[in-house]
Structure formats: structure tokens, C-alpha cells
Visitor: 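Starting off with a structure, shown below.
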Amino acid sequence: MRPSLLRSASQLVRRSRRDYSSAAAAAGQPERKVAILGAAGGIGQPLALLMKLNPLVSSLSLYDIAGTPGVAADVSHINSPALVKGFVGEEQLGEALEGSDVVIIPAGVPRKPGMTRDDLFNINAGIVKGLCTAISKYCPNALVNMISNPVNSTVPIAAEVFKKAGTYDEKKLFGVTTLDVVRAKTFYAGKASVPVTEVNVPVVGGHAGITILPLFSQATPATNALSHEDIKALTKRTQDGGTEVVEAKAGKGSATLSMAYAGAVFADACLKGLNGVPDVVECSFVQSTVTELPFFASKVRLGKNGVEEVHGLGQLSEFEKGGLENLKGELKSSIEKGIKFAHAN
Ligand SMILES: NC(=O)C1=CN([C@@H]2O[C@H](COP(=O)(O)OP(=O)(O)OC[C@H]3O[C@@H](n4cnc5c(N)ncnc54)[C@H](O)[C@@H]3O)[C@@H](O)[C@H]2O)C=CC1
Ligand SMILES: O=C([O-])CC(=O)C(=O)O
């Protein structure tokens, strides 16, 4: 590049840094850097868009093994404060991560019809391991939002990688299960004929098939319009929500748009927690003592250090108690599979 062009490019970067610094400062909030790893993918692109629109983000780092310069150029034209930068290839991963407050990971292959999430393990386990190794080196204090499947195994893999590097903080590692909550809310609102924006439903357990356990007995607004059969059907639809999309897409991938929305909701909650907003509660798959399993999804209160409190399960119906016992075997073996992989590789 000609020196004059280089000079003007760096002036531009300096100027836009000042712009977003002053925007964050003017709004009385800290500067926050968010990195998306897998940013050129089906989830990564709409997630990049939604994070660019988030006023809590001052710097947005988009990393992938290919395609990020285009995605970053595109998203960067949106006139919101976040400064967008694209990074491509492993040699740029360090720069992409440095200084990140939140790292969101949707990197990895998605399902095709007939596959389970566990069928993705062989490819995605290695991808997640590599990315987490880099996180422990370049931004060991970041909150990590794991989207890559199988979440029931990729979160334990991440934990082991961080432990090995001496950077593990259980308060900072999250499996993103928000899409299960998003689906449970939508399906419940439709069936109970209540306004969807007012609905809350905790979803606990893990993020695959029967390990996804929506607690409709705790859903608000409460209703007595739903029969036991209705609750069973809503539970099954929530557990099979991912498969419903995989089959509808017929070989073209899995949920991307609803996942980007869910990922943006969860990352926003993490940023609010970091910024000291009180009472930020979301469900997430985290290190847990709520059951005998080492990782479990339940409601989590987010704060300045990440997880401030892991909530218990509350009162369960008999049906939910049965679901809880049924899921433990599968969830346990998925967690162990992740731990074993991390130790062996
Ligand atoms: N937690 C959840 O609720 C959900 C999880 N997922 C999972 O998210 C993952 C991504 O799904 P999609 O975006 O649809 O897939 P996709 O194939 O469209 O995008 C994945 C992206 O990851 C990139 N990638 C591959 N290796 C990488 C590496 N080493 N570093 C950085 N980037 C890398 C690819 O280049 C691609 O751009 C899948 O594992 C899928 O199963 C999907 C939906 C919901
Ligand atoms: O079903 C899949 O493979 C993707 C996913 O995790 C979801 O949509 O919940």
C-alpha cells in the first residue's frame, strides 16, 4: 500500500476510534469489544448484524477462516457506533481476540437431516479446542458464549482447554441455550393464546433432544387452558425445535436466523451484566451444582464477573421430574465425551 494511503487509513481508524470512544463515553457506559468466531457463517452473519446494532458494543471483531473481509465491509457501513473489523485466517486470530470482553463462537459445521448434534462432534470438537486455546492466550478474561454444537460437549471441551492453560474461570463460560427458551416462549404463547412478548419459560438441562427440558409448569403468564397432553406436545416440540428447522431446510443447514436472534439476546445480557445492570437473568449451560452433573443449564444471574448466581430448578411437576431423571444419562455421557476428547488431544 502507498505510504500516503496507509497514513490516511490509520488516521481514519484513529478518528473512528475517537468517534466510538466518545459515543460510549457520552452514553456513560464502558467501551466493550465483542468478537464473533465463525462470523461469515449462517449464524455469524446475522449475528454480526445484530451486534452491530447493539448500542453497548463499541468494537465488533469478525473472525472466520474465510469470507470475513466482505462481511465486515458490509456490516461496517451501518451507521451505528460499533467499529467493525474483519479478520481472516489463523494468523489474524490473536488480533481479532485481543481486548475482547465477550467472545461468541458459532464456528463449526451444522446438521443435515438425519444427523444428531452429536454427529457434529468429530469436526466441531477440534474447531472449538483450537479457538479456545487462542482465547486463553489472547483474551483469557473474556466471557465465552459457546454456540457450536454439540453444546453439551463443546462447553466441557472449552473448560478443559482453559484449565490446561490455567485460565479457567467457571463464571465466564456459557453454553448458549437461549434458542430453546425463545422456542418455548413462542410455542407456549401460541398454544395458551397469551401475548408472546410477556411470556417467560425457563428451559433447563442441556441442548440436545431430551436433554432440553422446558419447565412449562413455571411459565408466566400462568394458564390453566393447557391439558397434560398439550404440555407433553409443547415439550416435545421444544426438544425437537432444531430438528424441525433442519428438516425444513432440507440439507441447507440448521437454524441460523432464530439462533442469531437468540445469540444476540444472550450476548446483550452478558454485556448488561458486565456493565453492572442489576437482575439480568437468562438460562445458560454452565458449570453447576444444581444436579450431580458438572454442567447443567438453568437460570443464571449475570453480573460484572459473568455468572453471579446459578439458580436452582424451583418446583417441578411430576412430568418434569421424570424428564429430569431421563435426561441425566445422555447429558452425563456427552459431558464426559467432551472432557475425554480434551484430555486425549
Ligand atoms: N447453540 C445453539 O442453539 C445452536 C447451535 N448451532 C450450531 O452453530 C454452528 C454453526 O452453524 P451455522 O452458522 O449454521 O454453520 P455455517 O457452516 O453456516 O457457518 C459456520 C462458520 O464457521 C466457520 N469456521 C469453520 N471452522 C472455523 C474455525 N476454525 N475458525 C473460525 N471459523 C470457522 C466456517 O467458515 C463458517 O463460516 C453449528 O455447529 C450448529 O450446529 C446452530 C443453531 C443453534
Ligand atoms: O438443531 C441443530 O442442529 C441446531 C441447533 O442446535 C438448534 O437449532 O437448536
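Each ligand, and each atom within it, is numbered from 1 in the order the structure gives. These numbers were taken from a predicted model, which means no experiment stands behind them. In what follows, every heavy atom counts, from backbone to side chain, and hydrogens, waters and symmetry copies are set aside. Along the sequence shown, residues are numbered consecutively beginning with 1.
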Visitor: Could you check ligand 1 for N or O atoms lying under 3.5 Å from protein N or O atoms and list the pairs with distances?
Guide:
from	atom 1	to	atom 2	distance (Å)
ligand 1	1 (N)	Ile147	O	3.1
ligand 1	1 (N)	Val176	O	3.3
ligand 1	3 (O)	His207	NE2	3.0
ligand 1	6 (N)	Asn149	ND2	3.4
ligand 1	13 (O)	Gly42	N	3.3
ligand 1	13 (O)	Ile43	N	2.9
ligand 1	18 (O)	Gly42	N	2.8
ligand 1	22 (O)	Gly108	N	3.3
ligand 1	35 (O)	Asp64	OD1	2.6
ligand 1	37 (O)	Gly41	N	3.3
ligand 1	37 (O)	Asp64	OD2	2.7
ligand 1	39 (O)	Val109	O	2.9
ligand 1	39 (O)	Asn124	ND2	3.1
ligand 1	39 (O)	Asn149	N	3.2
ligand 1	41 (O)	Asn149	ND2	2.9

Visitor: Let me know which protein residues bring a heavy atom to under 4.0 Å of ligand 2; chain then number is fine for ordering.
Guide: Arg111, Arg117, Asn149, Leu179, Arg183, His207, Gly242, Ser254, Ala255

Visitor: Between Arg111 and Leu120, is the side chain to side chain contact (heavy atoms under 4.5 Å, CB included) condition met? List the steps.
Guide: CA-CA 7 Å; Arg111 284 201 282 164; Leu120 306 172; 3.8 Å; yes

Visitor: Would a 4.5 Å heavy-atom cut-off, applied to side chains only, mark Val265 and Asp268 as touching?
Guide: no

Visitor: Using a strict cut-off of less than 4.0 Å between a Lys/Arg side-chain nitrogen and an Asp/Glu carboxylate oxygen, indicate whether Lys332 and Glu336 qualify as a salt bridge.
Guide: yes

Visitor: Taking only residues two or more places apart in sequence, or in another chain, which ones meet Thr211 in a side chain to side chain donor-acceptor pair (under 3.5 Å)?
Guide: Asn152

Visitor: Is there a path of hydrophobic side-chain contacts, each under 4.5 Å between heavy atoms of I, L, V, M, F, W or Y residues, that connects Ile210 with Ile335?
Guide: no

Visitor: Which heavy atom of Val290 sits nearest a heavy atom of Ser298, and at what distance?
Guide: CG2-OG, 4.1 Å

Visitor: Give a yes or no on whether a salt bridge exists between Glu292 and Lys328, defined as a side-chain N under 4.0 angstrom from a carboxylate O.
Guide: yes

Visitor: Please give me the minimum heavy-atom distance between Ser334 and Ser153, naming the atom from each residue.
Guide: O-OG, 2.8 Å

Visitor: Pairs in or reaching into residues 231-273: which pass ring-ring contact (aromatic ring centres under 6.0 Å, His included), with residues at least two apart or in two chains?
Guide: Phe174-Phe266

